[in-house]
Chemist: 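Got a structure here, written out as structure tokens. Questions coming.
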Amino acid sequence: GYRNTLFYTIVGTLINMILTICAAYPLATKDFMPRNVLMFFFMLTMYFSGGLIPTYLAVQRFHLLDTFWVMVVPFSVVTYYIIVGRTFFNNSIPEDLWEAAQLDGCGYLGFFFKIVLPLSKAVIAVIALWAAVGQWNSYFNALIYIRSESLQPLQIASKHSGRQSDHECHEYRRCSR
């Protein structure tokens, strides 16, 4: 269980960080035209989710039930993290920096990797910490989507081992009387 939880946490945090930063930065730039429409849809999913049954059916149709990826992929985009990243990029990366980088011959990707990411270490660390803690504590998702014992995270594995030792304890008490 501990090994599974570590893998879920590490891989889930990496995927979450990649998707969050890649969504937050374009939404923060003024040149990206559909940013308001996309932000509306992100906010809509934050307030109105599909619910447990439609989510379960979607996971089932993508053949993710009882696989490693069911703990990582379906819940890898968190709207709140995108909003935090977008707000940081809006307030901390001045447009003058982009203009200076353009004069030096830097393109969008070069600007993002060479200037924006190094200046964003603080928000990346905060979002990574939130994502890691959220992934580490994801008990309910494993309870719903994972059936095989070899894929269960620490929380469920320890719950089952506690039941087994409780059962053994009751058997011992009953036999010792």
Side-chain angles (χ1 to χ4, degrees), residues 2-51 54-55 58-59 61-64 67-142 145-146 151 153-155:
Y2 189 69
R3 180 181 53 89
N4 290 339
T5 303
L6 272 176
F7 285 141
Y8 295 148
T9 302
I10 292 168
V11 173
T13 302
L14 287 174
I15 290 174
N16 186 304
M17 291 306 303
I18 290 168
L19 294 176
T20 298
I21 299 301
C22 288
Y25 180 68
L27 289 172
T29 59
K30 306 276 189 257
D31 296 338
F32 188 59
M33 289 301 185
R35 67 187 173 116
N36 292 330
V37 174
L38 288 176
M39 203 58 213
F40 172 76
F41 284 120
F42 277 124
M43 294 294 289
L44 189 70
T45 62
M46 187 172 154
Y47 291 118
F48 304 106
S49 67
T55 304
V59 166
R61 290 210 177 128
F62 284 116
H63 303 290
L64 293 175
T67 64
F68 170 81
W69 297 106
V70 75
M71 291 295 291
V72 176
V73 173
F75 311 100
S76 59
V77 175
V78 180
T79 304
Y80 180 71
Y81 302 165
I82 293 173
I83 293 170
V84 169
R86 178 182 156 246
T87 303
F88 177 84
F89 292 137
N90 273 337
N91 295 333
S92 300
I93 310 294
E95 288 185 41
D96 299 339
L97 207 55
W98 165 241
E99 292 170 5
Q102 274 184 316
L103 288 175
D104 288 340
C106 194
Y108 284 111
L109 288 177
F111 179 71
F112 178 71
F113 286 110
K114 293 178 183 173
I115 297 171
V116 172
L117 284 183
L119 291 175
S120 306
K121 289 178 188 172
V123 76
I124 290 172
V126 167
I127 294 173
L129 182 65
W130 288 343
V133 169
Q135 194 70 33
W136 182 271
N137 290 332
S138 68
Y139 169 77
F140 186 69
N141 295 338
Y145 301 116
I146 293 181
L151 293 172
L154 182 64
Q155 296 89 341

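In this chain, residues are counted from 1 in sequence order.
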Chemist: List the steps and the verdict of side-chain contact (heavy atoms from CB on, under 4.5 Å) for R86 and T20.
Modeler: CA-CA 9 Å; R86 178 182 156 246; T20 298; over 6 Å; no

Chemist: Quick one: list whatever passes ring pair (Phe, Tyr, Trp, His ring centres under 6.0 Å) with F111, sequence neighbours left out.
Modeler: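 By the ring pair (Phe, Tyr, Trp, His ring centres under 6.0 Å) rule, F111 matches W98.
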
Chemist: Between N16 (side chain) and G12 (backbone), is there a donor-acceptor pair under 3.5 Å?
Modeler: no

Chemist: Out of curiosity, I82 CD1 to L38 CG, how far, rounded to the nearest 0.5 Å?
Modeler: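 It comes to 10.0 Å.
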
Chemist: Are side-chain heavy atoms of M43 and I83 found at a separation under 4.5 Å?
Modeler: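 In contact.
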
Chemist: Got a sec, which residues hit side chain to side chain contact (heavy atoms under 4.5 Å, CB included) with S76, two or more places apart in sequence or on another chain?
Modeler: I15, L19

Chemist: Given T67 and F62, is the side-chain contact (heavy atoms from CB on, under 4.5 Å) satisfied, shown in steps?
Modeler: CA-CA 11 Å; T67 64; F62 284 116; over 6 Å; no

Chemist: Could you tell me the separation between the OH atom of Y139 and the OG1 atom of T5, rounded to the nearest 0.5 Å?
Modeler: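 That separation rounds to 12.5 Å.
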
Chemist: Rounded to the nearest 0.5 Å, what's the gap from CZ on F140 to CZ on F75? Could you check?
Modeler: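 F140 CZ to F75 CZ: 9.0 Å, rounded to 0.5 Å.
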
Chemist: If I compare all heavy atoms of M39 with all of L27, which pair ends up nearest, and what's the gap?
Modeler: SD-CD1, 3.8 Å

Chemist: Any side-chain heavy atom of L97 sitting closer than 4.5 Å to one from L119?
Modeler: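 Side chain of L97 against side chain of L119, heavy atoms only: contact under 4.5 Å found.
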
Chemist: If I compare all heavy atoms of W69 with all of V11, which pair ends up nearest, and what's the gap?
Modeler: CZ3-CG1, 4.0 Å

Chemist: So, for I115 and A101, which heavy atoms are closest and what is the spacing to 0.1 Å?
Modeler: CD1-CB, 3.9 Å

Chemist: Which heavy atom of M71 sits nearest a heavy atom of I146, and at what distance?
Modeler: CG-CD1, 3.4 Å

Chemist: With side chains defined as the heavy atoms from C-beta onward, is the minimum distance between V126 and L129 less than 4.5 Å?
Modeler: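 Not in contact.
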
Chemist: In Å, rounded to the nearest 0.5 Å, how long is the span from CE of M33 to CG of N36?
Modeler: 10.0 Å

Chemist: Could you check if a side-chain atom of I21 sits within less than 4.5 angstrom of a side-chain atom of F112, using non-hydrogen atoms only?
Modeler: yes

Chemist: Any side-chain heavy atom of P153 within less than 4.5 Å of one from Y8?
Modeler: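 P153 vs Y8: side chains touch.
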
Chemist: Look up atom OG1 in T9 and atom CH2 in W136, then write down how far apart they are to the nearest 0.5 Å.
Modeler: 5.5 Å

Chemist: Kindly write out the residues that satisfy side chain to side chain contact (heavy atoms under 4.5 Å, CB included) with S120, not counting sequence neighbours, or none if the list is empty.
Modeler: F88, F89, I93, V116, V123, I124

Chemist: About how many Å separate CD of Q135 and CG of L6, when rounded to the nearest 0.5 Å?
Modeler: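 Going from the CG atom of L6 to the CD atom of Q135 covers 11.5 Å.
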
Chemist: Do W130 and Y80 have their ring centres less than 6.0 Å from each other?
Modeler: yes

Chemist: Do other residues, nucleotides or ligands put more than 12 heavy atoms under 6.0 Å from the CZ atom of F41?
Modeler: no

